[in-house]
Number of protein chains: 2
Amino acid sequence: MILQLWYSHMSRPTPALLKPRKTPQQTRSAVTIEAIHCATIQVLLTGGIGRLTTTRVAERAGVSVGTMYQYYPHKQALLFALVERQFNLIETAMRDATTRLMGTDLRTIAHGVATAWLDAKMADMVASRAIYGISAEFDLSELMSRAAQTMTTSIDALLASACDAHFADRQSVAFMLAALLGGSVRVVMEAAPSEENFARLRRELPEACHAYLVAAGRSEVA
Amino acid sequence: MILQLWYSHMSRPTPALLKPRKTPQQTRSAVTIEAIHCATIQVLLTGGIGRLTTTRVAERAGVSVGTMYQYYPHKQALLFALVERQFNLIETAMRDATTRLMGTDLRTIAHGVATAWLDAKMADMVASRAIYGISAEFDLSELMSRAAQTMTTSIDALLASACDAHFADRQSVAFMLAALLGGSVRVVMEAAPSEENFARLRRELPEACHAYLVAAGRSEVA
DNA sequence: CTTAGATATGAATGATCCTTCAGCTTTGGT
DNA sequence: ACCAAAGCTGAAGGATCATTCATATCTAAG
């Protein structure tokens with residue numbers, strides 16, 4: 001199949017070809033697309049990527065396979081659309097939060113960022129959890145890198161604006177904070193997603209971030 | 001295929017059927033198995049699970065497909081063996097570390113645990129990275145839950161033994177520490193695996209753990 | 001009411017891939 | 001040297017699945 005020629009060494013997507021095939025013009029098709037989107041998440045949740053087939057998605061969405069191919073040139077494009085939408089949601093939420101927190105103190109920043117992150121991730125935990133594991137189909141690392149980079153940059157700017165601290169190696173601190181946030185929530189969602197654990201996360205994560213920021217900033221405060 | 005009857009709602013493995021089909025008795029076969037193991041990791045690294053086929057693994061290992069099926073009843077069993085081996089390695093490393101650190105102070109504990117974790121994960125980063133994403137083939141969450149639980153318990157015991165602090169909700173602190181460690185390393189390996197970032201991780205993660213433990217313990221120290 | 005364009009259908013196609021098995025080669029003990 | 005057990009082979013069977021396309025249905029503007 002020609003598809004395989006698009007990849008150099010891993011399942012790396014060629015963005016141009018991952019875009020939707022056509023944009024809906026009537027109300028009917030907009031509904032269809034939403035149904036497909038929704039069905040995809042459901043199928044992902046009940047069987048993981050390994051069991052996601054075009055037929056199953058179409059079935060669940062109540063449309064025929066052919067319909068799917070009218071909007072997405074292939075399965076990967078569908079998945080890509082899903083992931084991208086999710087990333088954008090979270091990215092926006094975090095951008096809003098960091099903007100709002102500019103110039104405040106370390107405690108406010110730590111708690112604000114941690115809470116915003118938790119809120120964003122939990123808001124559609126369904127989609128988030130569904131999306132973990134899509135990496136089997138195409139290389140997410142590029143997208144994840146970009147997201148991580150964006151987040152680190154936002155946090156870095158935020159730290160620079162803190163009114164009560166400054167850091168010797170602010171970039172590293174921002175990087176570490178992003179890793180702590182992103183990683184801990186992910187691990188809990190994947191390995192131990194219970195109400196109790198989410199409560200713990202909400203209680204402890206902001207404190208942990210705060211403690212780290214204070215410790216990292218202390219050595220440099222006059 | 002009958003395989004599908006083994007799963008209730010997700011790709012949940014039936015442990016009994018994931019075990020190796022037979023144990024090697026001659027040196028020859030031990031070599032073969034090792035080659036297969038090794039080939040599997042290589043194939044995973046260069047194409048992710050989506051491109052891992054029995055034929056490709058066999059080819060890379062320099063044996064025939066049939067040989068693989070002499071030791072593993074099916075593809076999943078092969079992957080399962082890989083994952084389990086890796087989990088055991090890390091689990092052992094962490095058990096050793098926590099044992100060694102019993103009764104020491106918070107700083108020693110934080111740095112010791114973080115360093116042990118980093119060492120274990122980096123030692124065979126190759127295997128670790130290869131394994132992320134296997135979840136497409138069968139449900140890893142059971143295994144991950146168990147691992148997370150084990151680790152939390154170890155850390156909990158360690159915290160209880162700390163000579164210079166005690167905690168109001170030690171379980172939650174242990175849980176959070178495990179999540180911070182596990183998550184941050186994973187995220188960096190997946191999203192931004194550069195030498196620079198690993199250096200940052202080595203520098204910042206122990207400090208972050210320490211800061212958190214001190215903050216969490218402070219409220220309770222007389 | 002008509003009709004062009006938009007949208008939906010689903011059987012058929014072709015490709016991929018897991019798994020088996022009947023026959024072959026190698027090993028190690030006697 | 002001989003042979004029984006262990007190990008290896010790879011073509012063929014059978015199943016799944018992504019994708020296409022000829023055909024049918026629907027929508028809305030004129």
Side-chain angles (χ1 to χ4, degrees), chain A residues 1-7 11 13 17-18 20-36 39-40 43-44 47-81 134 136-138, chain B residues 1-7 11 13 17-18 20-36 39-40 43-44 47-80 136-138:
Chain A
M1 199 192 310
I2 296 186
L3 257 186
Q4 307 203 343
L5 296 177
W6 295 343
Y7 306 105
S11 26
L17 291 165
L18 285 177
R21 183 168 267 172
K22 75 180 178 190
T23 329
Q25 314 222 343
Q26 304 181 355
T27 328
R28 183 167 49 140
S29 59
V31 171
T32 301
I33 288 191
E34 185 53 32
I36 292 176
T40 308
V43 172
L44 273 179
I49 238 294
R51 285 242 210 299
L52 185 142
T53 71
T54 49
T55 314
R56 230 189 292 267
V57 169
E59 215 171 295
R60 187 117 194 180
V63 300
S64 98
V65 216
T67 301
M68 249 189 57
Y69 279 88
Q70 214 137 43
Y71 301 102
Y72 300 100
H74 44 250
K75 204 174 78 162
Q76 298 200 345
L78 169 64
L79 294 171
F80 189 78
I134 284 196
E137 286 299 312
F138 58 83
Chain B
M1 199 191 310
I2 297 184
L3 256 186
Q4 306 202 346
L5 297 178
W6 297 342
Y7 306 105
S11 26
L17 291 166
L18 285 176
R21 183 167 269 170
K22 76 179 177 190
T23 329
Q25 314 225 341
Q26 304 181 356
T27 328
R28 184 167 46 142
S29 59
V31 171
T32 300
I33 288 190
E34 184 54 32
I36 291 176
T40 308
V43 171
L44 275 178
I49 203 129
R51 285 240 204 306
L52 185 141
T53 71
T54 49
T55 315
R56 229 189 292 267
V57 169
E59 215 171 295
R60 187 118 194 181
V63 300
S64 99
V65 216
T67 301
M68 250 188 56
Y69 280 87
Q70 220 144 34
Y71 302 102
Y72 301 99
H74 44 250
K75 204 175 78 163
Q76 297 200 346
L78 170 64
L79 295 171
F80 189 79
E137 288 296 313
F138 57 83

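Residue numbers begin at 1 in each chain, while the letters A, B, ... track the order of the sequences. It should be emphasised that the depicted structure is a prediction, and the values quoted were computed from it without experimental measurement.
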Toward the 5' end of DNA chain C, by each residue's nearest nucleotide, B:Gly66 or B:Thr55: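 Final value for this comparison: B:Thr55.
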field: Nearest-nucleotide 5' precedence on DNA chain C, B:Thr27 against B:Lys75
entry: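 Upstream on the strand: B:Lys75.
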message: Of the listed nucleotides (C:dT26, D:dA18, C:dG28), which one gets closest to any side-chain atom of A:Tyr69?
response: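 The listed nucleotide nearest to A:Tyr69's side chain is D:dA18.
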query: From D:dT19, C:dT7, D:dC8, pick the nucleotide closest to the side chain of A:Tyr71?
result: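 Of the options given, the side chain of A:Tyr71 lies nearest C:dT7.
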Measure from [atom1] on [X] to [atom2] on [N] and round the result to the nearest Å.
{"X": "A:Leu78", "N": "D:dT19", "atom1": "CG", "atom2": "P", "result": "11 Å"}
{"X": "B:Glu137", "N": "D:dT16", "atom1": "CD", "atom2": "C1'", "result": "13 Å"}
{"X": "A:Glu59", "N": "C:dT9", "atom1": "CD", "atom2": "C1'", "result": "14 Å"}
{"X": "A:Gln70", "N": "D:dC21", "atom1": "CD", "atom2": "P", "result": "13 Å"}
{"X": "A:Arg28", "N": "C:dG5", "atom1": "CZ", "atom2": "C1'", "result": "11 Å"}
{"X": "B:Met68", "N": "C:dC17", "atom1": "CE", "atom2": "P", "result": "14 Å"}
{"X": "A:Leu79", "N": "D:dT19", "atom1": "CG", "atom2": "P", "result": "10 Å"}
{"X": "B:His74", "N": "D:dG14", "atom1": "NE2", "atom2": "C1'", "result": "18 Å"}

task: Rounding to 10 degrees, work out the angle separating the end axes of the helix from C:dC1-D:dG30 to C:dT30-D:dA1 (five pairs an end).
output: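 For the helix from C:dC1-D:dG30 to C:dT30-D:dA1, the axes at either end differ by 10°.
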field: Heavy-atom closest pair, residues A:Val43 and A:Arg51
entry: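 Heavy atoms only, the tightest pair is CG1-O, 4.2 Å.
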Nearest heavy-atom neighbours spanning A:Ala35 and A:Ala61: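 The pair with the smallest heavy-atom distance is O-CB, 3.7 Å.
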query: What's the spacing between A:Ile33 CD1 and A:Met68 CE if we round to 0.5 Å?
result: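 Going from CD1 on A:Ile33 over to CE on A:Met68, the span is 11.0 Å.
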field: CD1 on A:Ile36 to CD on A:Gln70, rounded to 0.5 Å
entry: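 That separation rounds to 9.5 Å.
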Select base, sugar-phosphate, or nothing to describe what [X] touches, counting heavy atoms under 4.0 Å on all strands.
{"X": "A:Thr53", "value": "sugar-phosphate"}
{"X": "B:Ser29", "value": "sugar-phosphate"}
{"X": "A:Thr54", "value": "base"}
{"X": "A:Thr32", "value": "sugar-phosphate"}
{"X": "B:Gln26", "value": "sugar-phosphate"}
{"X": "B:Ile33", "value": "nothing"}

task: Starting from the C-alpha separation in whole Å, work towards a yes-or-no answer on side-chain contact (heavy atoms from CB on, under 4.5 Å) for B:Thr54 and B:Leu78.
output: CA-CA 10 Å; B:Thr54 49; B:Leu78 170 64; over 6 Å; no
message: Apply side-chain contact (heavy atoms from CB on, under 4.5 Å) to residues A:Ile49 and B:Ile49 and explain how you reach the verdict.
response: CA-CA 11 Å; A:Ile49 238 294; B:Ile49 203 129; over 6 Å; no
- prompt: Between the side chain of A:Glu137 and the main-chain N/O of A:Gln76, is any donor-acceptor distance below 3.5 Å?
  reply: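 No, the answer is negative, given that no donor and acceptor are paired below the 3.5 Å cut-off.
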message: Whether B:Ser64 contacts D:dC8 is assessed here as follows: a side-chain N or O lying under 4.0 Å from the phosphate OP1 or OP2. Is that the case?
response: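 No, B:Ser64 has no side-chain N/O under 4.0 Å of OP1/OP2 on D:dC8.
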field: CA sep, side-chain torsions, deciding dist, call: B:Leu52, B:Lys75, side-chain contact (heavy atoms from CB on, under 4.5 Å)
entry: CA-CA 9 Å; B:Leu52 185 141; B:Lys75 204 175 78 163; 4.0 Å; yes
